[in-house]
Amino acid sequence: MPEPEVTVVASDVATARRLLGVVQPGTPTRAVLLGDAGDAAGLPAGRVVLAPGLAGQDPAAVGPGVAALVAGAGAVLLDSTQPGRDLAGWLSATADLPLVWQVDALRRTPDGGIEVERAVMGGSHRLTQRVPPGQPVIVLARPLPVEVEPGRPVVERSALSSGPSALEIVPLDPAAGGASRLAGARVVVSVGRGIGGRDQLGRYQRLADVTGAALGASRAAVDSGWLPFSHQVGQTGATVAPDLYLAFGISGAVQHLAGMRASKRVVAVNTDPDAPISRLADLVIVADAGAVADELLRRLEEGR
Ligand SMILES: Cc1cc2nc3c(=O)[nH]c(=O)nc-3n(C[C@H](O)[C@H](O)[C@H](O)COP(=O)(O)OP(=O)(O)OC[C@H]3O[C@@H](n4cnc5c(N)ncnc54)[C@H](O)[C@@H]3O)c2cc1C
């Protein structure tokens, strides 16, 4: 059985090197570099394909070219930035391939399959997943800092270029907004585990509508399935810098603060006066999140 080749797809050499560090040494590897090649000749891969014509962030425009370049790979690794996630999602959806994420180690199994290790449950546990031989897989990697020896790859150049985008963007929930609205939002209404459940979301959604805010969320709310990942604020989600950040039922873990500490004003609603977010907030309202949201809504809707 032929050994599965692992192909990393990256927009620059440094990212490609980090992604290659996820792969067990000795595994046949290929790197596809989109955009600026930099110093590709020292990458620790067997082959490097330079594809400057495939630079760009629209997955539907660059996806067909990338799919042609990674054809035949046992695993395709991309990094967990927004463009990497978008391209991984596109490749997975169009070729109907499984997608695994948060992977920080990948190796071959003796039977020719692939095994990945990933952090789960907020990083507190590790999960090993096996992909059977013959099943290609798309992998979103979360590289750990590892030193990789330079290599002497065969470097080729691809003439493939991006085409017109055939992507029709259909918002899952237009009123709720997502990453695109979060990025430039002047007001963010953000919800955490403390709101109590998905069935409580309505009032915060309405509050966001009334104030023209984007709806954000903590990872706990996203992991609980209350909102899609595109709403997550923090280290592994969106970074926001609004004029006003309203945090309902969010404790203020350091990973959450990493994504919103540039907010000009922070108002936190929390039943715990000592929640860590109170150290950053300009105003802490010690009360039930739902009650405060309802009162705020009532006043706003009355035009006060
Ligand atoms: C590698 C890694 C990356 C991570 N990345 C992110 C990230 O990008 N974004 C992120 O948010 N987290 C991230 N986390 C998770 C983070 O550590 C926290 O677990 C998470 O932010 C907690 O979410 P929370 O504040 O909603 O929940 P909790 O910490 O459970 O806090 C809930 C809060 O609600 C309050 N509360 C309870 N009831 C009420 C009520 N009725 N009214 C008002 N308040 C109430 C509680 O007092 C508490 O302060 C990451 C973790 C790891 C390990």
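Since the structure is predicted, the reported quantities are computational estimates derived from the model, not experimental observations. Residue numbers count from 1 along this sequence. Note that ligands are numbered from 1 as they come in the structure, with each ligand's atoms numbered from 1 the same way.
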Atoms in ligand 1 flagged as close to [X], the criterion being non-hydrogen separation under 4.0 Å:
| X | result |
| --- | --- |
| Ile250 | 25 (O) |
| Val233 | 7 (C), 8 (O), 9 (N), 10 (C), 11 (O) |
| Asp288 | 40 (C), 41 (N), 42 (N) |
| Ser218 | 11 (O), 23 (O), 24 (P), 26 (O) |
| Gly237 | 8 (O) |
| Thr236 | 3 (C), 4 (C), 5 (N), 6 (C), 7 (C), 8 (O) |
| Gly192 | 26 (O) |

- prompt: Would you find a donor on one side and an acceptor on the other, under 3.5 Å apart, between the side chain of His231 and the backbone of Leu215?
  reply: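 Between the backbone of Leu215 and the side chain of His231 there is a qualifying donor-acceptor contact (under 3.5 Å).
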
Side-chain donor/acceptor of Arg118 to backbone N/O of Trp101, under 3.5 Å: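 It does hold such a pair.
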
Pairs meeting criterion salt bridge (charged side-chain N to carboxylate O under 4.0 Å, His left out) with involvement of residues 87-107, two or more places apart: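 Salt bridge (charged side-chain N to carboxylate O under 4.0 Å, His left out) check on residues 87-107 returns Asp104-Arg126, Asp104-Arg142, Arg107-Glu115, Arg107-Glu117.
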
task: Provide the full list of salt bridge (charged side-chain N to carboxylate O under 4.0 Å, His left out) pairs with a residue in residues 259-278, sequence neighbours left out, each pair given once.
output: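 Sorted pair list: Asp243-Lys264.
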
- request: Report yes if the side chains of Arg203 and Leu297 come closer than 4.5 Å at any heavy-atom pair, otherwise no.
  value: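 In short, these two side chains touch, coming nearer than 4.5 Å.
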
Side chain proximity check, Val269 to Leu246, heavy atoms < 4.5 angstrom: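 Sidechains of Leu246 and Val269: no contact.
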
query: Out of Gly194, Ala253, Ala287, whose heavy atom sits nearest atom 20 (C) of ligand 1?
result: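 When every heavy atom of Gly194, Ala253, Ala287 is considered, Ala253 comes closest to atom 20 (C) of ligand 1.
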
field: Residue selection (non-hydrogen contact nearest atom 49 (O) of ligand 1) among Asp272, Val269, Asn270
entry: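 It is Asn270 whose heavy atom sits nearest to atom 49 (O) of ligand 1.
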
message: Would Gly249 count as a polar contact of ligand 1, with the cut-off being nitrogen or oxygen pairs under 3.5 Å?
response: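 Between Gly249 and ligand 1 (N or O atoms, distance only) the closest approach is under 3.5 Å.
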
query: With only distance considered, is Arg219 within less than 3.5 Å of ligand 1 through an N or O on each side?
result: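 By distance alone, the answer is yes.
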
Point-to-point distance, once rounded to the nearest 0.5 Å, from CG of Leu43 to CZ of Arg152: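 Answer for the CG-CZ pair, Leu43 versus Arg152, is 14.0 Å.
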
Ion pair Arg299/Glu302, N-O distance below 4.0 Å: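 No, no charged N to carboxylate O under 4.0 Å.
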
- prompt: Among the heavy atoms of Ala221, does any lie under 4.0 Å from an atom of ligand 1?
  reply: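 Per 4.0 Å heavy-atom rule, Ala221 does not contact ligand 1.
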
